[in-house]
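Here the structure comes first, spelled out in C-alpha cells, and everything after it is commentary.
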Amino acid sequence: MPISARWRRLDALPPPRGRDAEPGVYELSDERKRVVYIGQSAKDVPNRIRQHLGKNPCITETAVYWRSRYSRVPRSEEAALLAEYLQ
C-alpha cells in the first residue's frame, strides 16, 4: 500500500529530531508528484533524506516533494513499497 501521507516540499524538511526521531519509510517525488525514490530509515527519516540529497545529484535534481510513514520495521516496508511500485 502506498504511503497515504500528504506530500510536503523538500525545502521544508523538519530539523533533525534527536531523541524524538522515528524510523520509517518514505517516498520522494518530482514536481508532478510521481515517485522517483523509495527509501527507509531506521532512525530519522528527514535526516536520511538530507543524506540522499547531499550525496546523489540525480535525486537532488529531480525530487521536489517527500512523504513518510512511521514503521517499526522500515526495511520490510520499504521492500513492500518497492514491489508494489514495480508492478
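Computed from heavy atoms alone, side chains included, the values below leave out hydrogens, waters and symmetry copies.
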Exercise for the section: Report whether Leu28 and Val25 are members of the same hydrophobic cluster (ILVMFWY, side-chain heavy atoms less than 4.5 Å apart, transitive linking). Expected result: no
Problem - Whether Thr60 side chain and Leu53 backbone form a donor-acceptor pair below 3.5 Å - result: yes
Handout entry: Over-ring placement of Arg69 relative to Tyr26, 6.0 Å and 45° cut-offs
Key = no
Handout entry: Qualifying residue for side-chain contact (heavy atoms from CB on, under 4.5 Å) with Trp66, from Arg9, Arg8, Glu27
Key = Arg8
Practice task
Give, for atom NZ of Lys55 and atom CZ of Arg50, the distance between the pair rounded to the nearest 0.5 Å.
Solution key: 14.0 Å
Exercise for the section: Might you point out which heavy atoms bring Glu22 and Tyr70 nearest each other, and give the distance in Å? Expected result: OE1-CD1, 3.7 Å
Practice task
Determine, using the 4.5 Å side-chain heavy-atom cutoff (strictly less than), whether Tyr85 and Trp7 are members of one ILVMFWY cluster.
Solution key: yes
Problem - Verify same cluster id: Ile59, Leu13 (apolar side-chain graph, 4.5 Å) - result: yes
Exercise for the section: Could you tell me whether the side chain of Ser71 reaches within less than 4.5 Å of the side chain of Pro23, counting heavy atoms only? Expected result: no
Practice task
Provide the closest heavy-atom pair for Ile3 versus Arg67 in the form atom of the first, atom of the second, distance.
Solution key: O-CZ, 3.1 Å
Fill in the blank from the handout: What one should report as the nearest heavy-atom pair of Val45 and Ser68 is CG1-CB, 3.8 Å
Tell me which donor-acceptor pairs under 3.5 Å the side chains of residues 34-42 have, and how far apart each pair is, sequence neighbours excluded?
from: Arg34; atom 1: NE; to: Asp30; atom 2: OD2; distance (Å): 2.8
from: Arg34; atom 1: NH2; to: Asp30; atom 2: OD2; distance (Å): 2.8
from: Tyr37; atom 1: OH; to: His52; atom 2: NE2; distance (Å): 3.3
from: Ser41; atom 1: OG; to: Lys43; atom 2: N; distance (Å): 3.2
from: Ser41; atom 1: OG; to: Asp44; atom 2: N; distance (Å): 2.9
from: Ser41; atom 1: OG; to: Asp44; atom 2: O; distance (Å): 3.3

Problem - Beyond-backbone contact of Leu10 with Val64, side-chain heavy atoms, under 4.5 angstrom - result: no
